[in-house]
Amino acid sequence: MKNRIHTKEQARAFLVQNALNEIIEISDSSKFYTKVFCVFAKYGLLLDARGEDFFSGDEWSSPSHREVLIKKVEQLLIKQII
């Protein structure tokens with residue numbers, strides 16, 4: 001296997017994509033909030049998310065808002081990681 005040297009930007013983009021993939025793969029909408037919370041905890045982003053009142057709002061209880069929430073998750077990940 002070849003050693004590859006990646007830039008910081010590539011590594012951060014890879015980290016964001018991995019976090020998003022973990023969240024997107026959840027098909028059970030009742031576990032969506034919990035999974036997002038756990039992924040943010042895993043990457044040390046809970047304080048940042050709470051500081052922006054990320055987990056407050058009625059959209060977390062509605063499966064129809066899933067795509068909007070995924071976009072918000074992506075934006076916060078990009079803002080905090082990249």
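Position 1 is the first residue of the sequence; numbering continues from there.
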Set of residues satisfying side chain to side chain donor-acceptor pair (under 3.5 Å) with respect to Ser56, sequence neighbours excluded: none

Cluster check Val36, Ile78: I/L/V/M/F/W/Y, side chain < 4.5 angstrom: yes

Shortest non-hydrogen contact from Ile70 toward Leu20: O-CD2, 4.3 Å

Co-membership, hydrophobic cluster, residues Tyr33 and Ile23, 4.5 Å side-chain: yes

Residues which pass side-chain contact (heavy atoms from CB on, under 4.5 Å) with Leu46, listed by chain and number, not counting sequence neighbours: Phe37, Phe40, Ala41, Phe55

Leu15 vs Asn18 side-chain heavy atoms within contact, under 4.5 Å: no

Worked check of side chain to side chain contact (heavy atoms under 4.5 Å, CB included) between Glu9 and Ile82: CA-CA 7 Å; Glu9 292 79 16; Ile82 297 179; 6.0 Å; no

Phe54 side chain near Val73 side chain, heavy-atom distance below 4.5 Å: yes

side-chain contact (heavy atoms from CB on, under 4.5 Å) partners for Lys35, two or more places apart: Glu22, Ile26, Val39

Side chain to side chain donor-acceptor pair (under 3.5 Å) against Thr34, all qualifying residues, sequence neighbours excluded: none

Leu45/Leu77 under side chain to side chain contact (heavy atoms under 4.5 Å, CB included): CA gap, chis, key distance, verdict: CA-CA 8 Å; Leu45 298 173; Leu77 288 170; 3.5 Å; yes

Salt bridge (Lys or Arg N to Asp or Glu O under 4.0 Å) involving Lys71 - partner list, sequence neighbours excluded: Glu74

Flag for Gln17-Asn21: side-chain donor and acceptor within less than 3.5 Å: yes

Intermediate values then yes/no, side chain to side chain contact (heavy atoms under 4.5 Å, CB included), Tyr43 and Val16: CA-CA 10 Å; Tyr43 292 106; Val16 167; over 6 Å; no

Polar side-chain atom of Gln10 near backbone of Thr7 as donor-acceptor pair, under 3.5 Å: yes

CA sep, side-chain torsions, deciding dist, call: Glu52, Gln80, side chain to side chain contact (heavy atoms under 4.5 Å, CB included): CA-CA 12 Å; Glu52 296 187 21; Gln80 297 301 325; 3.7 Å; yes

Any residue meeting side-chain contact (heavy atoms from CB on, under 4.5 Å) with Asp28, in chain and number order, not counting sequence neighbours: Ser30, Lys31

Sequence neighbours excluded - salt bridge (Lys or Arg N to Asp or Glu O under 4.0 Å) pairs with any residue from residues 57-67: Glu59-Lys72

Distance, nearest 0.5 Å, that separates CH2 of Trp60 from CG of Leu69: 5.0 Å

